[in-house]
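All figures in this text were calculated on a predicted structure; none of them were measured in a lab. Heavy atoms only: backbone and side chains are in, while hydrogens, waters and symmetry mates are out.
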Amino acid sequence: MLLPKHYATRGPLRLAVAVMLVLLLFAWHFYLERAAYSDLAYHLFYYLKDKALFIQNRRFVAIATQLPTLLAIKAGWPLDAVLRLYSVVFIVYYLTVLLICAYWFRNEQVALVVALLYVLLASRTFYWAQSELPQALAALLLFYGGVARQAPLQWRFSTLALAALVPVFVFGHPLSIMPFLFIWAYDWLLNQRFRDWGYYGLLLLALAMYELRAMLIPPGSYEATHMTFLPNLTQYFPHYFSLISFTNFWRLCSQSFIALPSLLLALTVFYARQRNVLAWLRLLLVWVSVIGYAFVINVSYPEYGDDTYLENLYLPLTLFVAIPFALELLPALETKWKGRGATWATTLLGLVLVARLGLVWQRHVPHTAYRDWLIQLVTYTRQFPEHKFLMYANNVDPYQLRTGWPSWALACETMMVSGCHGPDSIQTVRAEQDSNQLRRLEAEGGTTVLHGPFEMLSPSNFPTNYCRFPATSYRTLNTQPPADTAALGAYITAHQRVSLALVNELPKTLRANRQHTVQIRVSVPTELQPLHSGIQVEHPTLLRTAFYKPHDWPTDAAPLETPLELDIWQPWMQTIALQTPQQPGHYTFEICLISKNYRDWPVRLRIPVEVLN
């Protein structure tokens with residue numbers, strides 16, 4: 001028997017399609033923020049190097065997003081077009097799943113869940129698109145979109161085709177088994193599949209695939225080392241709720257995850273009013289799934305504080321509330337309010353989705369700041385003939401003003417951003433936190449060497465229609481100022497004509513006890529170049545921001561010190577942090593150069609400001 005899975009109006013489905021189309025536009029517009037960032041940049045690096053798919057840990061669900069991009073590279077598309085394709089292909093995949101559910105399976109309810117999955121709790125992960133977890137969940141919803149229409153399951157080819165999706169999402173990510181178990185149990189209760197033997201067969205298949213997946217995990221691999229739930233369960237007993245991860249989770253639930261407690265409350269009222277044992281069992285299933293899954297993630301990652309990565313791990317929580325909302329609560333609301341329920345329900349849903357899309361848009365700010373920094377970096381380094389550079393990662397963004405950081409992926413990110421202008425403009429900047437490792441890379445960085453994130457390569461490994469590096473060695477972008485105080489004093493005196501200037505005018509009023517940012521331009525006269533930025537000496541050259549009361553009395557706000565990001569030859573623009581005083585009043589804001597633990601430079605910029613509550 002085929003079950004009806006449509007709404008009273010086309011409104012919810014149209015909203016779902018509209019959400020995915022807006023996300024598609026976002027992906028097109030923010031393509032560098034997504035595809036030239038972190039893991040996706042490394043994936044493209046790998047495609048260019050090996051001209052093959054990059055399937056990690058047998059998560060072959062990623063073929064859906066990797067294959068079009070690889071084919072575009074083999075077809076010789078310009079790198080800028082490849083980057084844009086790689087950004088949008090994820091949303092195209094999710095939109096395809098939604099359209100199949102809605103128009104092939106005729107399951108509007110699961111189609112709406114697809115759209116909710118990528119906006120209801122998610123916002124930061126839009127800009128960290130590579131994770132296989134949302135890709136596996138899309139395959140899971142495609143599976144459920146077909147299965148949910150049949151009660152009992154029919155023994156025919158289409159059912160076998162749906163069963164073939166089980167290994168796809170089970171192997172897609174180790175966490176996908178938990179939302180599968182929720183969906184299986186929820187639909188078992190909802191449609192009373194107590195004698196649906198084919199349905200039990202799907203459960204056995206999924207459990208068998210999960211066991212096979214676990215058996216194939218190599219010892220010492222990424223997945224093996226991240227299976228920390230059971231060891232942590234013993235280690236942190238019984239102080240689980242004092243873990244940092246739980247603190248972060250409660251914070252997220254009061255902010256960007258506010259839809260989770262809101263829907264839990266709405267579903268609790270909805271099920272409690274039905275006075276039906278099966279409804280109460282579904283309510284119990286929802287609560288147990290949310291609490292259980294959150295507990296597993298928080299205990300497995302007790303001290304992890306990156307909101308983007310955590311948001312990705314928490315993504316299945318969306319399904320635990322979105323599925324009963326889309327399949328039961330929303331259809332029930334459509335029958336309320338004297339025949340106007342469908343209009344009011346669609347309007348309310350539309351307002352929620354617009355708000356969530358607005359949050360996704362707002363999250364672009366730190367990612368765009370990092371993209372702009374990458375563009376500025378490769379533009380600045382074009383003045384040098386080498387095209388291959390090394391930099392000390394700790395020189396950059398110590399206060400995390402941007403989303404990105406010169407991590408393991410910087411070598412790939414700079415290649416993608418610079419390569420958009422053609423193969424001869426390609427550059428790479430490898431960042432390293434360990435100063436000894438940095439010196440080793442510098443010693444090994446010969447003319448035939450290219451330092452990847454984890455490997456040493458040759459520029460000849462890359463196709464010349466994308467990458468043409470000149471035969472040069474690596475250049476280090478952070479060199480050390482004089483270590484001896486006598487020589488350092490002469491160095492400071494000689495560099496008195498270094499100038500600091502604001503790129504944009506500082507507001508005349510600032511909020512008290514807040515961290516703000518300001519962008520400055522550091523310029524060095526030609527005969528004094530470079531201004532050394534290295535911080536592996538006793539007295540490194542730093543930028544300091546501070547507030548002073550009249551007569552230069554100190555305030556209750558501690559000065560903030562920031563390293564120069566790289567050696568200054570041509571003028572360099574750098575965003576730095578400032579901490580305003582707690583007390584309102586009139587102050588003098590100062591930016592100056594200092595030699596840490598030695599003395600201030602006579603190079604400073606002072607601006608009167610007013611601090612308000």
Peer 1: Is Arg475 close enough and on-axis enough to Trp569, meaning under 6.0 Å and within 45°, for cation-pi?
Peer 2: yes

Peer 1: Around atom CZ of Phe454, are there more than 12 heavy atoms of other residues, nucleotides or ligands at under 6.0 Å?
Peer 2: yes

Peer 1: Please list all pairs meeting ring-ring contact (aromatic ring centres under 6.0 Å, His included) that have one or both residues in residues 489-509, counting only residues at least two apart or in different chains.
Peer 2: Tyr491-His495, Tyr491-His532, Tyr491-Trp601

Peer 1: So, does Thr580 use its side chain to make a donor-acceptor pair with the main chain of Arg514 at under 3.5 Å?
Peer 2: yes

Peer 1: In Å, rounded to the nearest 0.5 Å, how long is the span from CG of Leu48 to CG of Leu44?
Peer 2: 6.5 Å

Peer 1: Going from OG on Ser87 to CH2 on Trp28, what distance comes out if it is rounded to the nearest 0.5 angstrom?
Peer 2: 9.5 Å

Peer 1: Between Lys596 and Glu561, is there a side-chain N and carboxylate O pair less than 4.0 Å apart?
Peer 2: yes

Peer 1: In terms of side-chain heavy atoms, does Asn312 have a donor or acceptor partner in Thr125 at a distance below 3.5 Å?
Peer 2: no

Peer 1: I need the single residue from Phe54, Tyr42, Phe462, Tyr86 that forms a ring pair (Phe, Tyr, Trp, His ring centres under 6.0 Å) with Tyr47. Which is it?
Peer 2: Tyr86

Peer 1: Evaluate the side-chain proximity of Val396 to Arg402: yes if any heavy-atom separation is below 4.5 Å, no if none is.
Peer 2: yes

Peer 1: Does Gln536 form a side chain to side chain donor-acceptor pair (under 3.5 Å) with Gln480? I'd like the steps, not just the answer.
Peer 2: CA-CA 7 Å; Gln536 289 84 44; Gln480 309 304 321; 2.8 Å; yes

Peer 1: Please indicate whether Glu538 has more than 12 foreign heavy atoms, meaning atoms of other residues, nucleotides or ligands, lying under 6.0 Å from its CD.
Peer 2: no

Peer 1: Side-chain donor-acceptor pair under 3.5 Å between Tyr370 and Glu413, yes or no?
Peer 2: yes

Peer 1: Just wondering, do Val522 and Leu500 contact through their side chains at under 4.5 Å, heavy atoms?
Peer 2: yes

Peer 1: What pair of heavy atoms forms the shortest contact from Pro463 to Lys51, and how long is it?
Peer 2: CD-NZ, 4.1 Å

Peer 1: Does the separation of the ring centres of His364 and Phe30 fall below 6.0 angstrom?
Peer 2: yes

Peer 1: Is the closest basic N to carboxylate O distance between Arg497 and Glu527 below 4.0 Å?
Peer 2: yes

Peer 1: Report yes or no: does Asp484 contribute a side-chain atom to a donor-acceptor pair with the main-chain N or O of Ala486 at less than 3.5 Å?
Peer 2: yes

Peer 1: Contact between His516 and Arg511 at the side-chain level, heavy atoms closer than 4.5 Å - yes or no?
Peer 2: yes

Peer 1: To the nearest 0.5 Å, how far apart are OG1 in Thr526 and CD in Gln570?
Peer 2: 7.0 Å

Peer 1: Where the side chain of Thr562 meets the backbone of Ile576, is there a donor-acceptor pair that is under 3.5 Å apart?
Peer 2: no

Peer 1: Quick check: closest heavy atoms across Cys420 and Leu32, and the distance to 0.1 Å?
Peer 2: SG-CD2, 4.3 Å

Peer 1: Report yes or no: does Asp306 contribute a side-chain atom to a donor-acceptor pair with the main-chain N or O of Tyr309 at less than 3.5 Å?
Peer 2: yes

Peer 1: Give the minimum heavy-atom separation between Pro540 and Ile535, together with the two atoms involved.
Peer 2: CB-CA, 3.6 Å

Peer 1: Strictly distance-based, threshold 3.5 Å: is any side-chain N or O of His551 a donor or acceptor partner for the main-chain N or O of Trp553?
Peer 2: no

Peer 1: Salt bridge between Lys549 and Asp556, side-chain N to carboxylate O under 4.0 Å?
Peer 2: no

Peer 1: Not counting sequence neighbours, which residues clear salt bridge (charged side-chain N to carboxylate O under 4.0 Å, His left out) with Arg440? List them please.
Peer 2: Glu444

Peer 1: Going by atom types alone, do Glu442 and Thr476 pair a side-chain donor with an acceptor below 3.5 Å?
Peer 2: yes

Peer 1: Please step through side chain to side chain contact (heavy atoms under 4.5 Å, CB included) for the pair Ile520 and Leu543, ending with a clear verdict.
Peer 2: CA-CA 10 Å; Ile520 64 165; Leu543 290 159; 3.7 Å; yes

Peer 1: Any donor-acceptor pair under 3.5 Å linking the side-chain atoms of Glu565 with those of Trp373?
Peer 2: yes

Peer 1: Parallel, tilted or perpendicular: which describes the rings of Phe241 and Phe295, with under 30° parallel and over 60° perpendicular?
Peer 2: tilted

Peer 1: Side chains of Leu85 and Tyr31, heavy atoms from C-beta outward: is any pair under 4.5 Å?
Peer 2: no

Peer 1: Determine whether Leu390 and Val429 make a side-chain contact, defined as any pair of heavy atoms from C-beta on separated by less than 4.5 Å.
Peer 2: no

Peer 1: Quick one: does Leu243's side chain get under 4.5 Å of Tyr301's, heavy atoms only?
Peer 2: no

Peer 1: Taking Arg606 first and then Asp552, would you say they form a salt bridge - that is, a charged N and a carboxylate O separated by under 4.0 Å?
Peer 2: yes

Peer 1: Side chain to side chain donor-acceptor pair (under 3.5 Å), that's the test. Do Thr308 and Arg124 meet it? Break it down for me.
Peer 2: CA-CA 5 Å; Thr308 300; Arg124 295 176 180 88; 4.9 Å; no

Peer 1: Please give me the minimum heavy-atom distance between Asp39 and Gln130, naming the atom from each residue.
Peer 2: CB-CG, 3.1 Å

Peer 1: Can you tell if the side chain of Leu359 reaches within under 4.5 Å of the side chain of Arg363, non-hydrogen atoms only?
Peer 2: yes

Peer 1: Tell me, do Leu310 and Phe249 make a side-chain contact under 4.5 Å, heavy atoms counted?
Peer 2: no

Peer 1: Tell me, with the steps shown, if Thr65 and Gln135 meet side chain to side chain donor-acceptor pair (under 3.5 Å).
Peer 2: CA-CA 9 Å; Thr65 54; Gln135 299 176 61; 3.0 Å; yes

Peer 1: Which pair of heavy atoms, one from Ser300 and one from Thr228, lies closest together, and at what distance?
Peer 2: O-OG1, 2.7 Å

Peer 1: Begin from the C-alpha positions of Leu566 and Tyr380 and carry the test side chain to side chain contact (heavy atoms under 4.5 Å, CB included) through to its verdict.
Peer 2: CA-CA 10 Å; Leu566 39 67; Tyr380 182 85; 3.7 Å; yes

Peer 1: So, the side chain of Asn597 versus the backbone of His539: is there a donor-acceptor pair under 3.5 Å, distance only?
Peer 2: no

Peer 1: Would you call the rings of Trp361 and Phe26 parallel, tilted or perpendicular, where under 30° means parallel and over 60° means perpendicular?
Peer 2: tilted

Peer 1: Looking at Gln433, is its backbone amide N or carbonyl O close enough to the side chain of Tyr392 to form a donor-acceptor pair, meaning the two atoms are under 3.5 Å apart?
Peer 2: yes

Peer 1: Could you report the tightest heavy-atom contact between Ser123 and Val360, atom names first, then the distance?
Peer 2: CA-CG2, 3.9 Å

Peer 1: Please report the interatomic distance CD1(Ile607) to CD(Glu505), rounded to the nearest 0.5 Å.
Peer 2: 8.5 Å

Peer 1: May I ask you to say whether Glu33 pairs ionically with Arg84, meaning some side-chain N is under 4.0 Å from a carboxylate O?
Peer 2: no

Peer 1: Leu79 and Leu83: side chain to side chain contact (heavy atoms under 4.5 Å, CB included), yes or no, with the steps?
Peer 2: CA-CA 6 Å; Leu79 186 56; Leu83 285 161; 4.3 Å; yes

Peer 1: Step through it carefully: locate the ring centre of Tyr548, locate the ring centre of Tyr587, and say whether they are under 6.0 Å apart.
Peer 2: no

Peer 1: Using a strict cut-off of less than 4.0 Å between a Lys/Arg side-chain nitrogen and an Asp/Glu carboxylate oxygen, indicate whether Glu590 and Arg544 qualify as a salt bridge.
Peer 2: yes

Peer 1: Just by distance, no angles: are the side chains of Asn298 and Tyr314 close enough, under 3.5 Å, to form a donor-acceptor pair?
Peer 2: yes

Peer 1: Take Gln427 and Thr381 through the test side chain to side chain donor-acceptor pair (under 3.5 Å) and record every step on the way to the result.
Peer 2: CA-CA 8 Å; Gln427 300 178 62; Thr381 51; 2.4 Å; yes

Peer 1: Assess whether a salt bridge exists between Arg59 and Glu223, defined as any Lys/Arg side-chain N lying under 4.0 Å from an Asp/Glu carboxylate O.
Peer 2: yes

Peer 1: Within 45° of the ring axis of Phe126 and under 6.0 Å from its six-membered ring centre, is that where the NZ or CZ of Arg34 lies?
Peer 2: yes

